[in-house]
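In what follows, a single structure is set out as structure tokens and then discussed.
Please read these numbers as outputs of a predicted model, since none were measured by experiment.
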Amino acid sequence: MWFIFDNLNALIVGGMLFLMLLAVQQRVAEMNLEQTVNYIVKRQAGDLATWLEDDLLQLGRGVDWSSEIPFENPVDSGGVTIQFMFFRDSTDAAGNVVRVYVRYRLQAAGYRMLRNDSVRVYQLRREECLGSSCPVGPWQFSGQSPGLLSYFKIDLLDQDAQPLADPQDNATLVRNTRVRFTMAAPFQVARSQVLRQVYYGSTLLIDRYAGSSRGS
């Protein structure tokens, strides 16, 4: 009889240890998944922020602002910027001045579930146009963000960092560009430690005389 009880006790203890091991393994797998998701969303947001800053810091470079306005007003819809076009002058290998147009277009990419809420997400496409035929075209695709943007906004600001309602009509007041976006995690994870979204914002000073004759 005691032999049977000993075996039962051993089975119970063994079963409890097995369940504990399963729980530990599951938690380790969840932690690895959390780290992977956090890394992916931070890396994607960082990459997008880098090329946006590189682009926008070049806005109007080499252009005579007294005779030309090197941007169009951002086009907004539903609280986000769906299109923004600007240009700069560059020099090719032969020393010729080439006008470089850049256009951002925000396109719908579906919906994501964030904390049981359905959120619309977008993809940002970057296009370039070179030469005298621009901005009519042809436009060439030159990059895109993941289709995970839940918010994207570009503003042109005055010297007090206040948004201008009509930047083209007030081009002499434009001093900065402000870009903000929110990027959702690439997939849903139940754990609360996982980032749902990454928020980014930056205000970039426009150097109106860089590369122009007035700046030399």
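Under the 4.5 Å side-chain criterion, counting only non-hydrogen atoms from C-beta, Ser90 is not in contact with Val97. Side-chain contact between Leu106 and Gln123: absent, with no pair of heavy atoms (C-beta onward) separated by less than 4.5 Å. Side-chain contact between Trp139 and Arg103 is present, with at least one heavy-atom pair separated by less than 4.5 Å. Residues Val63 and Phe71 form no side-chain contact, since every pair of their non-hydrogen atoms from C-beta on lies 4.5 Å or further apart. Under the 4.5 Å side-chain criterion, counting only non-hydrogen atoms from C-beta, Asp64 is in contact with Ser67. The side-chain heavy atoms of Val179 and Leu56, taken from C-beta on, include a pair separated by under 4.5 Å.
In this structure, a donor-acceptor pair under 3.5 Å is present between the side chains of Gln197 and Ser150. Residues Asn176 and Thr203 bring no donor and acceptor atom of their side chains to less than 3.5 Å of each other.
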Test ring pair (Phe, Tyr, Trp, His ring centres under 6.0 Å) applied to Phe181 and Phe152, step by step
CA-CA 4 Å; Phe181 68 79; Phe152 179 74; 7.2 Å; no
Stepwise side chain to side chain contact (heavy atoms under 4.5 Å, CB included) test for Met85 and Val75:
CA-CA 9 Å; Met85 190 275 290; Val75 179; over 6 Å; no
Let me see the working for Arg180 and Tyr200 under side chain to side chain contact (heavy atoms under 4.5 Å, CB included), right down to the final yes or no.
CA-CA 6 Å; Arg180 294 171 291 173; Tyr200 167 85; over 6 Å; no
Check step by step if side chain to side chain contact (heavy atoms under 4.5 Å, CB included) holds for Ile206 and Val174.
CA-CA 8 Å; Ile206 295 175; Val174 174; 3.6 Å; yes
Could you go through the side chain to side chain contact (heavy atoms under 4.5 Å, CB included) check for Val119 and Tyr111 one step at a time?
CA-CA 5 Å; Val119 177; Tyr111 292 85; over 6 Å; no
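Considering every non-hydrogen atom in both Ile82 and Ser77, the closest pair reads CD1-CB, 3.9 Å. A pairwise comparison of heavy atoms in Phe84 and Pro74 identifies CD1-CG, 3.8 Å as the closest pair. Scanning both residues, Pro163 and Arg178, for their nearest heavy atoms gives CG-NH2, 3.5 Å.
Atom CG of Leu204 and atom CD1 of Ile154 lie 9.5 Å apart (nearest 0.5 Å). Note that CD of Gln83 is 12.0 Å distant from CZ of Arg125, once rounded to the nearest 0.5 Å. Distance check: Leu59 CG to Asp207 CG gives 11.5 Å after rounding to the nearest 0.5 Å. Expressed to the nearest 0.5 Å, how far CG of Leu157 lies from CG of Leu173 amounts to 11.5 Å. Annotation: the span from Leu149 atom CG to Met183 atom CE amounts to 4.5 Å, rounded to 0.5 Å. Of the inter-residue distances, the one linking Arg126 atom CZ with Asp55 atom CG reads 4.0 Å to the nearest 0.5 angstrom.
Within the 3.5 Å criterion, the main-chain N or O of Cys129 finds no donor-acceptor partner in the side chain of Gln140. The backbone N or O of Gly95 sits less than 3.5 Å from a side-chain atom of Asp92, completing a donor-acceptor pair. At distances below 3.5 Å, at least one donor-acceptor pair connects side-chain atoms of Ser145 with backbone N or O atoms of Leu124. Remark: the backbone N or O of Thr172 is not paired with any side-chain donor or acceptor of Trp65 at under 3.5 angstrom. Judged purely by atom type and a 3.5 angstrom limit, Thr81 has no side-chain atom pairing as donor or acceptor with the backbone of Asp76. In this structure, the side chain of Asn73 does not engage the main chain of Asp166 through any donor-acceptor pair within 3.5 Å.
The aromatic rings of Phe87 and Tyr101 lie tilted to each other, with the angle between the two planes from 30° to 60°. Using the six-membered ring where Trp is involved, Tyr104 and Phe86 have ring planes that are perpendicular, over 60° apart on the 30 and 60° scheme.
The side chain to side chain donor-acceptor pair (under 3.5 Å) test with Asp89 is passed by exactly one of Gln58, Arg99, Arg61: Arg99.
A salt bridge is absent between Asp158 and Arg175: the closest approach of a Lys/Arg side-chain nitrogen to an acidic carboxylate oxygen does not fall below 4.0 angstrom.
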